[in-house]
Amino acid sequence: MAPSAQPAIHPATRLADIPSGERGLELARRTAAGCTACDLYARATQTVFGEGRASAPLMLVGEQPGDREDLAGQPFVGPAGAMLDRALEEAAIDRERVFVTNVVKHFKWKPVAGSKRRLHEKPNAGEIRACRPWLDLELEIVRPELVVALGATAAGAILGPSFRITEGRGTILDVPDLRPRVLATFHPSAILRARTPDDRERMLAALVADLELAAETIRTA
Ligand code: URA
């Protein structure tokens with residue numbers, strides 16, 4: 001844990017004070033802004049809490065904010081967000097009707113020698129665990145019909161470490177101890193990193209098909 005003048009506030013100690021409903025989301029956001037439950041707050045600009053309506057039937061969960069999201073304080077507003085917006089549009093899903101968040105609410109990065117760039121680093125199991133109460137609170141307040149886990153980190157956090165996107169994506173899953181059902185799919189960043197244009201097209205088509213299934217599932221829920 002990084003040295004800090006303040007004692008660490010574990011989010012779980014505040015959850016009982018937060019009522020459900022629209023006001024609950026705002027209060028949750030303000031409470032999360034002071035989270036020091038793991039080291040990541042020390043090097044991030046701010047907590048990036050989930051965004052969207054408290055009544056959204058669909059919740060999209062990514063890994064963690066990137067460089068642009070860290071500066072803006074909003075999830076999925078950088079290049080991965082543009083790819084997500086494109087897929088949502090192709091699947092005829094209005095982003096206004098979706099709650100978008102991440103399993104980890106602070107940007108984890110390392111410096112690049114000789115550059116001002118901040119290089120994304122994957123969150124570890126302890127960081128994901130420390131941040132989990134915020135995702136649980138978002139789920140409790142929003143009560144979505146369906147959660148879409150974007151990529152391996154979100155899928156691993158929600159469906160367990162043995163889940164593999166390549167084998168298990170595109171299927172609506174019931175998860176023990178979780179009310180909404182879950183659909184795992186490719187992360188928009190994985191599409192941006194695809195090795196060939198063909199791979200990119202194939203992965204984007206799969207993401208769009210999975211989002212179409214998500215839309216159909218909440219329509220018939
Ligand atoms: N990647 C994510 O997983 N989440 C974001 O908010 C942005 C990029």
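What you see below is based on every heavy atom in this structure, not just the backbone, and it leaves out hydrogens, waters and symmetry mates. Every number for a ligand or one of its atoms is a count from 1 in the order of the listing.
- T166 and R164 are not linked by any side-chain donor-acceptor pair at a separation below 3.5 angstrom, with hydrogens and angles left out of the test.
- Heavy atoms from both the backbone and the side chain of E63 come within less than 4.0 Å of ligand 1.
- Checking E138, E69, E63 one by one against K105, the salt bridge (charged side-chain N to carboxylate O under 4.0 Å, His left out) holds for a single residue, E138.
- In terms of N/O distances under 3.5 Å, ligand 1 is not approached by P75.
- At a 4.0 Å cut-off, at least one heavy atom of H187 sits close enough to ligand 1 to count as contact.
- The aromatic rings of H187 and F76 sit tilted, their planes meeting at an angle between 30° and 60°.
- Close approach to G62 involves these atoms of ligand 1, each under 4.0 Å from a residue heavy atom: 3 (O).
- Looking at every heavy atom in both residues, A157 comes nearest to I128 through CB-CG2, 3.8 Å.
- What sits closest to atom 4 (N) of ligand 1 on the protein, heavy atoms only, is N102 OD1, 2.7 Å.
- No side-chain donor from either of E127 and H106 sits under 3.5 Å from a side-chain acceptor of the other.
- In terms of polar-atom proximity, Q64 is counted as a contact of ligand 1, with an N or O under 3.5 Å from an N or O of the ligand.
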